[in-house]
Amino acid sequence: MMLFENLRQAYNSLVLNKKRTILTMIGIIIGLSSVLLIVSVGDVISNIAEKYLINATGGNTIYFISGIDVDSDIDHKPERRYPFTEDEIYDFIDSTNGEILDISSNSSVNVSGNFMLDDKHKSNVAMQGVTSSYEVTSKMRLTNGRFFNRNESRYGKPVIVISDIAAKALFGSSADAVGKVLDFQGQVSVPQYDPETYMPLDDVVIKVSGNVVVLGVYEYISDGKSADIRTDDMETAVYCPSQFINDIADLEESSSVNGFNIVQFVPADPTDTTTAQDMIRNFALEKYGSDEDYRFTVKDQMAMLSTITGAVSIITVAFIVISAISLLVGGIVLMNTMLVTVTERTKEIGIKKALGARNSTIRAQFLFESALICLISCAVGVFLGMFFGMIIESNLDRIISLVPNEGIQYFLLNSDIHVTPSLNAIIISTTFSLAVGLIFGLYPANKGAKMQPVEALRYE
Amino acid sequence: MTNEKKVVVDLQGIIKRFYIGQPNELQILNGMDIKVHEGEFVAIVGESGSGKSTLMNIIGALDRPTEGSYFFNGEDISKLSDKKLSNIRNKQIGFVFQNFNLIPRTSALKNVEIPMMYAGKGRKERNTRAKELLEIVGMAERYDHNPNELSGGQKQRVAIARAMANDPALILADEPTGALDTKTGRIVMDIFHKLHKSGKTIILITHSPELAKETERIITISDGSVVSDTGTNVQDAGGENNDAV
């Protein structure tokens with residue numbers, strides 16, 4: 001009953017002082033839309049970080065870092081005196097009864113060059129070294145033949161998997177490709193790092209050639225989702241065991257690394273990696289556990305991810321606090337406006353009190369008015385937030401081109417980015433602005449409520 | 001001719017001081033005793049500065065006396081809380097002011113409805129009653145007009161309808177014709193006479209002796225004290241406040 005009447009009066013009052021109302025609202029709208037924008041951008045960044053990590057490594061992998069506990073001594077490099085050889089790692093994987101599928105290939109080594117069936121049929125593509133788990137983690141779909149298995153992966157057999165596009169170009173059809181032998185010649189660029197500082201040095205280029213057998217054909221999906229991001233400048237990638245590239249290019253020799261300190265394991269169940277993690281811990285302690293100084297890290301990507309999204313949300317909260325200051329200023333403007341309104345309507349307050357309005361009736365009326373100002377501002381702010389989000393979205397290509405890393409650019413262009421405020425962001429900012437309306441409206445409303453009827457009636 | 005009537009307003013030794021404890025302390029009312037019975041039409045007359053307005057504020061429960069007791073319908077309301085006083089103003093007292101004091105940008109009908117809204121009456125009941133009251137004061141066809149679309153006399157008639165909204169025990173009119181010309185002032189006074197005949201208790205506060213003569217009892221005040229009272233022809237109906245007038 002009173003609600004409708006309050007609404008009517010608040011609306012009347014706002015319409016009566018249009019300019020003042022609009023100026024007051026602008027303050028709140030600015031504060032609100034900046035809070036909204038920050039929350040949305042924070043959401044977008046967390047989402048992208050999540051997608052990027054999962055896409056870049058293909059699912060939830062487990063990091064094993066031997067020689068360092070990243071949670072306690074983050075500044076240190078993993079110690080080189082605790083390596084594991086490839087044989088030890090593969091034997092361990094064999095002993096996990098399928099809990100761990102394979103190690104994940106994060107090798108950036110690939111062969112670029114020509115693949116030839118005969119003089120007429122050749123394809124200028126790149127051969128990428130991966131491990132057998134790549135079929136699962138990249139969600140690749142094979143149309144013919146099969147992917148190489150763990151043993152072929154481990155011992156670097158000369159086998160490849162090609163795309164249906166390449167199969168058609170070279171052999172006429174996917175079915176004809178399986179089992180065929182291809183000649184290739186090309187080169188391998190081996191990234192070099194300073195063993196002390198880990199700073200990148202000039203790549204070493206090694207010429208290679210040989211024969212490979214086509215094991216399988218995969219379906220090429222052009223949206224970039226099934227392809228590894230490192231294939232951005234290739235037409236369609238050819239996959240071979242990374243160990244094969246290591247062997248033909250003699251990388252063991254050139255990289256001077258004897259065994260691994262950092263290994264990425266691919267678990268069978270990406271959603272629950274606790275068993276696999278326990279196995280890795282036992283495996284690490286079995287070899288070096290007697291050494292008191294030995295430290296290591298076992299963490300799955302989701303844990304790494306939550307570290308990153310945690311950092312993003314801390315930054316987001318910090319920005320929310322900063323932008324909330326503008327909302328605070330908007331609140332003060334609102335308070336000032338309401339004080340003027342209350343003073344202007346002193347006489348009306350007096351009349352209402354003479355007619356039997358209680359203090360609470362008067363207070364509710366003015367609180368209603370300030371809340372209404374804030375809610376309207378909120379609607380406009382949300383609308384503006386969506387509008388700016390749409391502008392950012394339609395100019396996303398240009399914004400992404402400013403990103404310094406080409407791999408990330410490629411990834412961003414192929415991910416579905418929406419910069420519109422989430423429901424969460426809208427709820428947060430609406431609650432915020434309503435709170436501003438009530439908190440900053442309370443003082444003026446109380447001032448009106450506590451007026452003495454006699455004095456208020458006398459006011460001209 | 002005497003008959004027994006309930007006492008509506010019973011002021012006993014009302015003193016009102018302002019700026020208490022300060023060098024400019026001021027005593028406006030010097031211990032007033034006034035008693036008004038149910039159904040009486042009383043004029044309180046006094047020149048400006050006589051304490052008329054202060055007295056009206058106290059009778060209307062808009063202000064509290066510094067000393068003394070105010071029995072309204074037998075209940076001492078001189079020390080009540082803001083909330084209880086607003087309840088009394090809402091249900092027991094109807095105000096008619098010199099400058100109408102209608103709520104701006106609010107239709108005549110809504111203005112009449114407001115006291116009923118504060119009393120918690122339902123929308124339909126409010127609407128029906130407000131239309132009835134506007135009919136009584138002859139404003140039925142203008143119920144949807146806002147105050148700025150009404151003449152002074154029309155505004156005052158709406159104000160009277162509003163004063164009647166919760167069927168109060170007392171109608172308190174402060175110079176109700178003061179801002180009106182003779183002709184419209186006449187119409188307004190006629191309405192008060194009509195209400196009086198229907199049994200309403202009315203206190204009319206005015207500085208004009210001619211207007212006062214229309215009532216059945218004139219209380220004259222000067223310098224915060226009652227200087228004359230033409231007296232009443234009714235007696236108190238029982239109760240403990242049985243001072244003879």
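Every chain is numbered from 1 and lettered A, B, ... according to where its sequence line falls, protein lines coming before strand lines. Just the heavy atoms: all of them, side chains too, but no hydrogens, waters or symmetry mates, feed the values below.
Heavy atoms of B:Asp63 lying under 4.5 Å from chain A belong to its backbone as well as its side chain. With a 4.5 angstrom heavy-atom cutoff, B:Pro168 does not touch chain A via any of its atoms. For B:Ile114, the part sitting under 4.5 Å from any heavy atom of chain A is the side chain, from C-beta outward, and nothing else. In this structure, chain A has no heavy atom under 4.5 Å from any part of B:Asn166. For B:Lys91, no part lies near chain A; criterion is any non-hydrogen pair under 4.5 Å.
Closest of all the heavy-atom pairs between B:Asn101 and A:Ile351 is O-CG2, 3.1 Å. Counting all heavy atoms, side chain and backbone alike, A:Gly356 lies closest to B:Tyr118 at C-CD1, 3.8 Å. Across A:Ala354 and B:Arg89, no two heavy atoms sit closer than the pair O-CB, 3.6 Å.
One distance of note links CG of A:Leu355 with OG of B:Ser86; it measures 11.5 Å at 0.5 Å rounding. Within the model, atoms CZ of B:Phe95 and NZ of A:Lys353 stand 13.0 Å from one another, a figure rounded to the nearest 0.5 Å. Remark: B:Asn90 CG to A:Lys352 NZ distance equals 13.5 Å, nearest 0.5 Å. Considering CG of B:Leu102 and CD of A:Glu348, their distance stands at 11.5 Å, rounded to 0.5 Å. Once rounded to the nearest 0.5 Å, the distance linking CZ of A:Arg8 with NZ of B:Lys110 reads 5.0 Å.
Remark: A:Glu393 CD is packed, more than 12 non-hydrogen atoms of other residues, nucleotides or ligands lying under 6.0 Å away. Heavy atoms from other residues, nucleotides or ligands lying under 6.0 Å from CG of B:Asp223 number 12 at most. Surrounding CD of B:Glu135 are at most 12 heavy atoms belonging to other residues, nucleotides or ligands under 6.0 Å away. The number of heavy-atom neighbours closer than 6.0 Å to NZ of B:Lys79, taken from other residues, nucleotides and ligands shown, is above 12. Atom CZ of A:Phe432 has 12 or fewer neighbouring heavy atoms from other residues, nucleotides or ligands inside a 6.0 Å radius. When the shell of 6.0 Å around CZ of A:Phe387 is examined, it contains 12 or fewer heavy atoms from other residues, nucleotides or ligands. Applying the 6.0 Å contact sphere to OH of B:Tyr143 captures no more than 12 heavy atoms from other residues, nucleotides or ligands.
Counting heavy atoms from C-beta on, the side chains of B:Asp82 and A:Arg358 never come closer than 4.5 Å. Within the 4.5 Å cutoff, side-chain heavy atoms of A:Phe4 are placed close to those of B:Arg123.
Across A:Leu457, A:Asn359, A:Asn12, the residue that shares the most heavy-atom pairs under 4.5 angstrom with chain B is A:Leu457.
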